Amino acid sequence: MSFGTGCHLHLIDGSAFIFRAFHALPPLTRKSDGLPIGAVAGFCNMLFKMVEDNTGPNAPTHVAVIFDHSGKSFRNDLYDLYKANRPPAPEELVPQFPLTRVATKAFNIACIEKEGYEADDIIAALSVQAREAGGRVTIISSDKDLMQLVGGGVEMFDAMKNKRIGVEQVEEKFGVGPDRVIDVQALAGDSVDNVPGAPGIGIKTAALLINEYGDLETLLDRAEEIKQPKRRQTLLEKREQIELSKQLVTLDVNTPIDFSMETLEVQDPDPEVLLPFLAEMEFRTLTKRVADKIGVDAPIIAEPKAAEVAAPEQPAIDPDKYECVRDAEALQRWIDLAYKRGWVAVDTETTGLDEMVVDLVGISLAVEVGEACYIPLTHKDGSDDLFGTDQLSDGQMNEVQALEMLKPLLEDPAVIKVFQNAKYDCKIFTRYGVNVAPIDDTLLMSYALNAGRHNHGMDVLSERYLDHSPIPIKSLLGTGKSAITFDRVAIDEATKYAAEDADITLRLWQMFKPQLHANQVTTVYETLERPLVPVLAQMEMNGVQVDRDTLSRMSNAFAQKMAALEAEIHELAGETFNVGSPAQVGQILFEKMELPGGKKGKTGKYSTPADVLEDLATEHDMPARILDWRQLSKLKSTYTDALQTHINAETGRVHTSYLQTGANTGRLASTDPNLQNIPVRTEDGRRIREAFVAAPGNTLISLDYSQIELRILAHVARIDSLKQAFRDGHDIHAMTASEMFDVPLDEMTPDIRRQAKAINFGVIYGISGFGLARNLRIPRGEAQGFINRYFERFPGIKEYMDDTVAFAKDHKYVQTLFGRKIHTPEIGAKGPQAGFAKRAAINAPIQGTAADIIRRAMIRMPDAIKDLPAKMLLQVHDELIFEVADDAVDQTIDVVRDIMENAADPAVHLDVPLVVDAGTGANWAQAH
DNA sequence: GACATCACG
DNA sequence: GACGTACGTGATGTCC
């Protein structure tokens with residue numbers, strides 16, 4: 001039905017409502033996992049009320065919810081301080097934003113937002129359109145900024161107070177009619193939005209003046225006539241500021257609207273979408289009310305105890321059923337389906353694995369279990385020869401057109417895009433001009449649910465949870481030298497493979513979603529996993545500049561030294577052999593030269609690790625030379641040579657890849673290349689960091705947490721003396737040494753301190769007498785004595801270790817302070833594994849809590865530094881490295897340090913302060 | 001592809 | 001009493 005006379009449009013100011021609901025309602029959390037959910041609950045109740053009252057004289061015929069688009073609006077171009085006073089949204093509210101979009105969709109209500117505009121502008125444009133078409137409008141909001149729209153068939157409704165706002169109420173508030181509201185606002189300003197206005201003039205005075213002179217322009221033109229000197233002066237001097245203020249408060253009724261009013265027509269919600277959503281949120285009362293209203297049975301909401309969620313029945317996976325999308329018409333059908341559902345599983349196929357380099361080949365989508373498609377884009381046939389005779393295969397959509405069609409869907413805040421490893425696909429899409437959001441990621445869901453139990457790759461997950469082995473990529477590409485790239489795969493084969501991946505992703509997503517709640521890891525997923533994806537993607541794309549010449553020179557120098565050492569070693573051995581072969585080294589040292597200490601490993605060969613050679617080096621030259629050679633060999637092959645091959649031809653920088661699920665504890669891992677193990681401990685090695693440089697005009701800054709794991713240990717084990725030492729800023733190893741060996745601090749020797757430091761670290765790792773003895777090279781009995789004394793002096797430590805192991809045995813997992821679960825399935829094992837599992841269980845909460853803290857800092861960082869000329873480049877477990885314009889170094893350090901030191905708040909209050917040290921320089925060696 | 005070794009926190 | 005042993009990673013070269 002077209003919009004016109006007799007129609008009634010309801011426009012719900014979504015963003016404003018969420019904020020008000022959040023602050024007005026008690027802090028409700030979801031029972032199963034503590035996810036804050038109060039604002040979503042208030043929002044859903046309001047939507048339901050609207051749906052419930054859909055008869056009667058005030059019932060809407062058309063309805064839409066309008067949200068603010070995150071980011072800046074055109075008003076920031078007018079005035080860069082606009083809304084600059086706004087504090088960031090409360091942490092408990094942040095995960096609720098995307099949920100309110102999903103809720104809107106679930107109620108089958110149009111969900112509207114637009115980049116560069118605020119919700120108010122869209123509401124203004126729609127109101128005017130509707131009014132001009134002869135219809136009525138009710139704006140569900142109490143925002144005074146919208147009051148300028150009231151009148152002529154437009155009124156407002158305060159849903160929290162259940163009160164309508166018409167012309168009369170506007171006059172009551174502003175002292176003028178709706179048509180003069182912006183004049184009053186321009187004068188009075190607004191401290192909340194940081195609209196300057198006229199200093200010293202509030203609403204009362206403003207209304208008085210406007211009523212006297214008729215309108216703002218007349219008032220300003222005749223300001224000379226005002227009797228009060230102060231008022232007159234202000235209006236004369238601040239004219240420009242007042243006029244700017246008027247621009248800021250004036251809503252843009254010409255905001256482009258790219259859909260027709262008919263699409264807003266009221267529709268009944270689909271019970272199969274709405275009820276599962278409400279049940280998932282665990283709104284027990286509302287779920288029942290909605291079910292009653294529709295006349296169906298309410299879904300049962302499990303009490304949080306049930307850890308196992310029964311897998312829903314699903315049709316079998318059949319790759320022959322997938323569709324190959326070859327034209328715009330077919331693609332549009334899939335896009336429509338995705339909008340209708342509010343979610344879509346997406347997978348990209350590319351020519352390789354390096355997201356910074358590869359080309360897009362095709363995209364697959366799945367919207368319903370078993371219903372998936374593949375959109376081939378750049379498959380080629382013909383010979384792949386040097387003459388460029390290969391051309392695009394027939395029957396493919398134009399790549400640019402397909403991306404243009406998909407972009408609005410992929411960027412639509414109301415449609416969740418589901419990936420297996422979203423970071424990869426999002427980086428590809430970013431290179432093609434599409435910023436995908438919001439996302440869900442089955443890789444990360446599995447990690448939150450199952451870290452420590454198994455890996456989280458698609459093959460593993462599919463076999464384990466769907467009992468289905470996906471088509472192996474090798475069956476399409478082949479292996480080794482004859483392997484082809486995906487663009488050379490026949491489109492029919494590619495369709496089966498690619499669409500299957502999207503189908504599997506969707507199935508896994510539907511299975512994992514309820515499990516997150518049932519296992520109480522939704523908060524972990526929502527606050528520590530999902531928001532990290534765009535942050536890591538940006539860091540990886542930033543890359544770090546690496547100077548090839550520096551590396552190349554070092555490689556040559558290392559090669560020369562190695563050649564000289566090799567000659568010496570062969571001379572000493574009396575024969576030539578491969579110094580790089582541990583087996584041959586063992587043979588020479590322990591058989592030919594008959595040195596002591598030769599131990600054979602499980603493969604029957606002598607073991608020659610560094611600590612063994614170090615012991616021999618005190619008596620003999622050869623092991624010392626071998627150690628030197630090995631160090632140089634390592635530095636050359638792994639660093640100075642290999643790093644050069646990782647310099648991106650286009651950017652001239654090195655782009656690592658972070659594995660968010662690489663370590664069970666929550667730590668990240670870095671690959672291709674690993675930039676988390678660049679040498680630092682030896683002088684020669686440290687020089688490699690000189691090759692990591694800042695771009696011209698920039699400086700590298702490095703900020704690292706001081707002793708973060710020991711601080712966490714002091715907190716979780718509740719060791720008062722350690723906590724106090726950290727609060728007092730004392731040298732913690734010296735203090736430990738003093739406690740243990742009864743040496744006053746002013747008589748402390750470096751050696752005693754070194755031993756205490758080794759013990760402190762040992763404790764974090766789940767200390768054993770044997771391990772400490774080996775580390776300190778002291779007799780085992782003596783080491784055990786140290787440990788015993790340590791436990792006597794700090795009894796809380798032993799208690800913590802025992803409690804943690806007991807918890808692990810009870811639950812088969814341990815937890816960080818932020819709720820991350822690390823599963824310990826081996827904890828009950830007998831034999832040698834038992835020790836491993838125990839120590840891992842003791843270490844995991846400490847290492848994992850530290851990892852959670854730096855993740856929280858990283859997630860907050862983009863917003864914190866958005867106005868600074870600074871880029872976050874690298875993370876090395878307790879250290880963050882930034883590249884920043886020379887003149888903003890100090891300011892950036894202040895901002896970053898503040899975020900890092902307060903990263904645990906407000907979710908966890910640590911009893912110890914977190915301290916962050918900073919360094920700066922033209923290269924990483926200086927900055928560290 | 002397994003193993004040994006060694007780079008980092 | 002014996003078992004083995006510090007926690008968490010990734011890259012490289014050798015050898016089968």
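Source: prediction; values computed, not measured. What you see below is based on every heavy atom in this structure, not just the backbone, and it leaves out hydrogens, waters and symmetry mates. In the text below, chain A, chain B and the rest are named by the order of the sequence lines, each starting its count at 1.
Using a 4.0 Å heavy-atom criterion, one finds that A:Ser633 contacts no nucleic acid atom at all. The residue A:Gly580 sits close only to the backbone: its heavy atoms come under 4.0 Å of sugar-phosphate atoms, none of a base. If you check every strand for non-hydrogen atoms under 4.0 Å, A:Asp878 touches sugar and phosphate atoms only. Among the protein residues, A:Leu659 comes within range of the sugar-phosphate backbone only, with heavy atoms under 4.0 Å from sugar or phosphate atoms but none that close to a base. In this structure, A:Arg774 reaches the sugar-phosphate backbone alone: every heavy-atom distance under 4.0 Å involves primed, P, OP1 or OP2 atoms, never a base. Counting non-hydrogen atoms under 4.0 angstrom, A:Ala841 reaches nothing in the nucleic acid. Within the nucleic acid shown, A:Leu668 has no heavy atom closer than 4.0 Å to any nucleic acid atom. Heavy atoms of A:Asn664 sit under 4.0 angstrom from primed sugar atoms or phosphate atoms, though from no base atom. Contact annotation for A:Asn674: backbone-only contact, meaning every heavy-atom pair under 4.0 Å involves sugar-phosphate atoms and none involves a base. Note on A:Thr603: only backbone sugar-phosphate atoms sit closer than 4.0 angstrom, heavy atoms only; bases stay farther off. Note on A:Arg686: nothing from the nucleic acid sits closer than 4.0 angstrom, heavy atoms only. At the heavy-atom level, A:Phe761 lies nowhere under 4.0 Å from the strands shown. As judged by a 4.0 angstrom heavy-atom cut-off over every strand, A:Ala834 is placed among residues making no nucleic acid contact. As judged by a 4.0 angstrom heavy-atom cut-off over every strand, A:Ile764 is placed among residues making no nucleic acid contact.
Residue A:Ser637 has its side chain nearest to C:dT12 when only C:dG8, C:dT12, C:dA6 are considered. Of the listed nucleotides (B:dG9, C:dT5, B:dA7), B:dA7 has the atom at the smallest distance from the side chain of A:Pro679. Nearest nucleotide to the side chain of A:Pro582, out of C:dC7, B:dA4, B:dA7: B:dA4. Closest contact between the side chain of A:Gln847 and the listed nucleotides C:dA6, C:dG8, B:dT5 involves C:dG8. Nearest to the side-chain atoms of A:Ala669 among the listed nucleotides B:dC8, C:dT9, C:dA6 stands C:dT9. When distances run from any side-chain atom of A:Arg839 to the nucleotides B:dG9, C:dA6, B:dC6, the shortest one goes to C:dA6. The side chain of A:Asp672 lies closest to C:dA11, out of C:dA11, C:dA6, B:dG9.
With a cut-off of 3.5 Å on both Watson-Crick or G-U wobble distances, the partner of C:dG10 is given as B:dC6.
No side-chain donor from either of A:Glu690 and A:Thr550 sits under 3.5 Å from a side-chain acceptor of the other. Under 3.5 Å, the side chains of A:His456 and A:Asn450 contain no donor-acceptor pair of N or O atoms.
The separation between A:Arg687 atom CZ and B:dC8 atom P is 16 Å, rounded to whole Å. Atom OH in A:Tyr658 sits about 16 Å away from atom P in B:dC8, given to the nearest Å. Between the CG atom of A:Asn677 and the P atom of C:dA11 there is a distance of 8 Å, given to the nearest Å. Between the CD atom of A:Glu709 and the P atom of C:dA6 there is a distance of 18 Å, rounded to whole Å. Counting to the nearest Å, the P atom of C:dA11 and the CZ atom of A:Arg630 are 21 Å from each other. For the pair A:Asp641 CG and C:dG13 C1', the interatomic distance rounds to 13 Å; values are reported in whole Å. As rounded to whole Å, 12 Å separates atom P of C:dG13 from atom OH of A:Tyr639. Remark: P of C:dT5 and CD1 of A:Ile787 are 16 Å apart, rounded to the nearest angstrom.
Nucleotides C:dA6 and B:dC6 place their P atoms 14 Å apart, quoted to the nearest Å. Nucleotides C:dT5 and B:dC3, compared at atom P, are 15 Å apart to the nearest Å.
Between A:Asn578 and C:dT14 there is a side-chain N or O to OP1 or OP2 distance below 4.0 Å. A sub-4.0 Å separation between OP1 or OP2 of C:dT9 and a side-chain N or O of A:Arg667 is absent. For the OP1/OP2 pair of C:dC7 and a distance below 4.0 Å, the side-chain nitrogens and oxygens of A:Thr665 include no atom meeting the criterion. Contact annotation: A:Gln584 side-chain N/O to C:dC15 OP1/OP2 distance is under 4.0 Å. The side chain of A:Ser607 contributes an N or O atom lying less than 4.0 Å from OP1 or OP2 of B:dT5. Regarding contacts with the backbone of B:dT5, a side-chain N or O of A:Thr608 is found under 4.0 angstrom from either OP1 or OP2.
Put simply, the side chain of A:Arg780 and the base of C:dT5 share a donor and an acceptor less than 3.5 Å apart. Side-chain atoms of A:Arg681 come within donor-acceptor range of the base of B:dG9, with a qualifying N/O pair under 3.5 Å. Side-chain to base pairing of A:Ser768 with C:dT5: one donor and one acceptor N or O lie within less than 3.5 Å of each other.
Heavy atoms of other residues, nucleotides or ligands lying less than 6.0 angstrom from CZ of A:Arg653 number more than 12.
A:Asp621 contributes atom CG, which lies 12.0 Å from atom CG of A:Leu616 (distance to the nearest 0.5 angstrom). Put simply, CD on A:Gln420 and CG on A:Leu461 are 5.5 Å apart, with the number rounded to the nearest 0.5 Å.
Two rings, from A:Tyr790 and A:Phe794, have their centers less than 6.0 Å apart.
Cation-pi geometry between A:Arg789 and A:Phe791 is not met at under 6.0 angstrom from the ring centre and within 45 degrees of the axis. Taking the ring axis of A:Tyr813 as reference, the NZ or CZ atom of A:Lys821 stays within 45° of it and closer than 6.0 Å to the ring centre.
Side chains of A:Phe807 and A:Pro845 form no contact here, defined as non-hydrogen atoms less than 4.5 Å apart.
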